[in-house]
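Heads up, the thing below is written out as structure tokens.
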Amino acid sequence: MASPKAEAPAGGEKITIRDGKLTVPDSPIIPFIEGDGTGPDIWRASVRVFDAAVEKAYGGKKQIKWMEVYAGGKAHSLLNTWLPDETVEAFREYLVGIKGPLTTPIGGGIRSLNVALRQLLDLYVCLRPVRWFKGVPSPVKHPEKVDMVIFRENTEDVYSGVEFEAGSADVKKLLDFIKAEFPSAYKKIRFPETSGVGIKPVSSEGSERLIRSAIEYAIANGRKSLTLVHKGNIMKFTEGAFRNYGYALAEREFAGQTYTWDQWERTKAAQGEAAANAEQKAALDSGKILIKDAIADIVLQQVLTRPTDFDVIATMNLNGDYLSDALAAQVGGIGIAPGGNINYLTGHAVFEATHGTAPKYADLDQVNPGSVVLSGEMMFRYMGWTEAADLIIKGMDGAIDQKTVTYDFARLMDGAKQVKCSEFATAVISKM
Ligand SMILES: NC(=O)C1=CN([C@@H]2O[C@H](COP(=O)(O)OP(=O)(O)OC[C@H]3O[C@@H](n4cnc5c(N)ncnc54)[C@H](OP(=O)(O)O)[C@@H]3O)[C@@H](O)[C@H]2O)C=CC1
Ligand SMILES: O=C(O)CCC(=O)C(=O)O
Ligand SMILES: [Mg+2]
């Protein structure tokens, strides 16, 4: 039985940050949340992979001091609260952590604890790399062409939780205000008497810090393009503004490293299309990153029909949520879709899978732990423990190559050996 209070493990030390650089001791304390639903099965499997990778990479010189913190169902049953303050404080204090999925009820009840953690810790980047592992079954012909990195804004947009329920006194107050102050806007609401209303804040600060991180990532990783994905034709002052902030930021702060479609448009207007094309070609030939944009609905088609057009993607919260599950399908599904929630300025980071709690599989030791395993791989790389991260990739490659896989892959693979969640972890470890 877990201790009802989070306790710092003996002999562990804190990860710290100075001048934007992490200092990681040899025995860092890493808080973790096991998660709801399939979370416990997945965590038990994943932590064995993490410890094995660290042991193999550093021969006992380094080790993770895991510190369990509570959230979701486990916190509620142990501590009678869904998200204890001390859980948030632990992630704040120890800087880097990892979590399993947490359940969010639909249409009422508590608001998302996952979103709350991101907001409370101001983890403004949801980083979700999407790439194919050789041998993973895919519904597309060329999954090897998919190599995209999603930078999803993680603190604003409709996820801000500013929502007013239909029929409530609050929504009436809000709609009365809109009616009095903005009568023409009010007239656009088709059924005001029975509407719930949500607010979609999108700021220049929020957009710019996300897009800045995405451009810096593209530069640091030799990426060719960054696409700003938005629905700015319809939501002009939120999604459209996001796109405009992106182009302006690239030209203002990264003029030497980027070329934007906005620049292309201006040159075309002034000198014609041939001149604009020549300018773009010269910029890209010199190694500049192309900053372009695309409207969110067509992106969902084009990532399938021309995946090589997409490289780094910067987008807002809701688009990023949809896009990350859709893209995961192309490279084997949500069982192999890792992620990290990061504030690159403070260093705070909480790594977690893209998938949710998959409740129908809870406690069956059946699901794929790959997403959390690879989220740990991202965490190790973020900490600078690249040797451990590389071993995790090697282990995943090895297990998949010998077709020892969980049900989600096995159902799509010829000649696969279907194993349990825990057995997959054992296979990964054996191939490190
Ligand atoms: N960050 C977080 O903590 C997140 C939490 N959630 C929450 O999770 C709950 C359930 O959400 P839901 O929309 O059903 O989405 P889930 O991602 O939990 O599950 C949907 C389906 O995805 C597949 N799947 C999920 N995880 C795995 C895995 N590890 N291995 C293999 N396949 C997997 C299963 O597909 P199949 O049936 O085909 O086998 C499953 O039925 C909700 O409360 C939601 O709010 C959702 C997303 C993120
Ligand atoms: O918080 C939740 O329950 C869902 C979040 C989600 O789907 C995501 O972040 O991808
Ligand atoms: Mg999601």
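Predicted model only: the values in this text are computed from it and were never measured. Atoms within a ligand are numbered from 1 in the order they appear, just like the ligands themselves. Numbers here are sequence positions counted from 1.
- The protein non-hydrogen atom at the shortest distance from atom 4 (C) of ligand 2 is Asn114 ND2, 4.4 Å.
- The nearest non-hydrogen atom to atom 16 (P) of ligand 1, considering only Pro359, Gly332, Gly356, comes from Gly356.
- Between Thr104, Asp325, Val372, Ile33, it is Thr104 that holds the heavy atom closest to atom 44 (C) of ligand 1.
- For the pair Arg131 and Phe133, the cation-pi test (distance below 6.0 Å, angle within 45°) is passed.
- For the pairing with Lys99, the salt bridge (charged side-chain N to carboxylate O under 4.0 Å, His left out) check across Glu68, Glu352, Glu34 returns one residue only, Glu352.
- Here the CD1 atom belonging to Ile98 is positioned 9.5 Å from the CZ atom belonging to Phe91, to the nearest 0.5 angstrom.
- Taking 4.0 Å as the cut-off between side-chain N and carboxylate O, Glu377 and Arg381 count as a salt-bridged pair.
- Residue Arg152 has at least one nitrogen or oxygen atom sitting less than 3.5 Å from a nitrogen or oxygen atom of ligand 2, judged on distance alone.
- No N or O atom of Pro101 sits closer than 3.5 Å to an N or O atom of ligand 1.
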Arg48 and Thr426: CA distance, side-chain angles, deciding distance, side chain to side chain donor-acceptor pair (under 3.5 Å) verdict: CA-CA 8 Å; Arg48 286 199 291 117; Thr426 305; 3.2 Å; yes
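- For the residue pair Thr406 and Asp408, a side-chain donor N or O sits within less than 3.5 Å of a side-chain acceptor on the partner.
- Heavy-atom separations between His355 and ligand 2 are all 4.0 Å or longer.
- When you scan the N, O or S atoms of Asp321 for the one nearest the Mg ion (ligand 3), you land on OD1.
- Residue Glu352 places every heavy atom at 4.0 Å or more from ligand 2.
- Counting heavy atoms of neighbouring residues, nucleotides and ligands inside a 6.0 Å radius, atom NZ of Lys200 exceeds 12 of them.
- Of the protein's heavy atoms, Thr104 OG1, 2.5 Å lies nearest to atom 3 (O) of ligand 2.
- Using a 4.0 Å threshold on non-hydrogen atoms, atom 34 (C) of ligand 1 counts as touching the protein.
- Under the 4.0 Å distance rule, the nearest protein heavy atom to atom 26 (N) of ligand 1 falls inside the cut-off.
- Under a 4.0 Å N-O distance rule, the pair Glu387/Lys62 does not qualify as a salt bridge.
- Each of the following atoms of ligand 1 lies closer than 4.0 Å to a heavy atom of Lys99: 3 (O).
- When each atom of ligand 1 is checked for a heavy atom of Arg118 under 4.0 Å away, the hits are 1 (N).
- Within a 4.0 Å radius of atom 21 (C) of ligand 1, the protein contributes no heavy atom.
- For atom 1 (N) of ligand 1, the closest non-hydrogen atom on the protein side is Glu352 OE1, 3.0 Å.
- A salt bridge links Asp297 with Lys231: at least one charged nitrogen is closer than 4.0 Å to a carboxylate oxygen.
- Contact annotation: for Asp408 versus ligand 1, heavy atoms closer than 4.0 Å belong to the side chain alone.
- The number of heavy atoms from other shown groups lying within 6.0 Å of CD (Glu165) does not exceed 12.
- For the pair Lys172 and Asp176, the salt-bridge criterion is met [side-chain N within less than 4.0 Å of a carboxylate O].
- The nearest protein atom to atom 41 (O) of ligand 1, hydrogens excluded, is given as Lys360 CE, 3.6 Å; this is a heavy-atom distance.
- Of the protein's heavy atoms, Ser112 OG, 2.5 Å lies nearest to atom 1 (O) of ligand 2.
- Of the residues Lys224, Arg223, Lys292, Arg306, the one that meets the salt bridge (charged side-chain N to carboxylate O under 4.0 Å, His left out) test with Asp311 is Arg223.
- A perpendicular orientation is assigned to the rings of Phe50 and Phe380, their planes being inclined by more than 60° (bins at 30° and 60°).
- From the protein, the heavy atom lying nearest to atom 5 (C) of ligand 1 is Leu102 O, 3.3 Å.
- Note that atom 11 (O) of ligand 1 has no protein non-hydrogen atoms nearby, at separations under 4.0 angstrom.
- Near Gly335, with a cut-off below 4.0 Å to any heavy atom, the atoms of ligand 1 are 28 (C), 30 (N), 31 (C).
- What sits closest to atom 38 (O) of ligand 1 on the protein, heavy atoms only, is Arg411 NH2, 3.0 Å.
- Shortest contact from atom 9 (C) of ligand 1 to any protein heavy atom: Thr357 OG1, 3.1 Å.
- Asp325 lies apart from the Mg ion (ligand 3) in this respect, since none of its N, O or S atoms is found at a distance under 2.8 Å.
- In this structure, the protein non-hydrogen atom closest to atom 36 (P) of ligand 1 is Tyr361 OH, 3.6 Å.
- Protein heavy atom closest to atom 40 (C) of ligand 1, with residue, atom name and distance, is Ala358 CB, 4.1 Å.
- Inclusion of Thr354 in the set of residues having an N or O under 3.5 Å from an N or O of ligand 1 is not warranted.
- Residues Leu345 and Arg212 are not in side-chain contact: their nearest non-hydrogen atoms beyond the backbone lie 4.5 Å or more apart.
- Asp321 has a carboxylate O that lies under 4.0 Å from a charged side-chain N of Arg152, or vice versa, which qualifies the two as a salt bridge.
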Leu226 vs Phe151, side chain to side chain contact (heavy atoms under 4.5 Å, CB included): CA-CA, chis, key distance, verdict: CA-CA 10 Å; Leu226 182 150; Phe151 276 73; over 6 Å; no
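- By the criterion of a heavy-atom distance under 4.0 Å, the side chain of Ile42, and not its backbone, is placed next to ligand 1.
- Within a 6.0 Å sphere centred on NZ of Lys65, other residues, nucleotides and ligands contribute more than 12 heavy atoms.
- When hydrogens are left out, the protein atom nearest atom 23 (C) of ligand 1 is Ile334 CG2, 3.4 Å; that is the closest non-hydrogen contact.
- The part of Asn114 lying near ligand 1 is the side chain, judged by heavy-atom distances below 4.0 Å.
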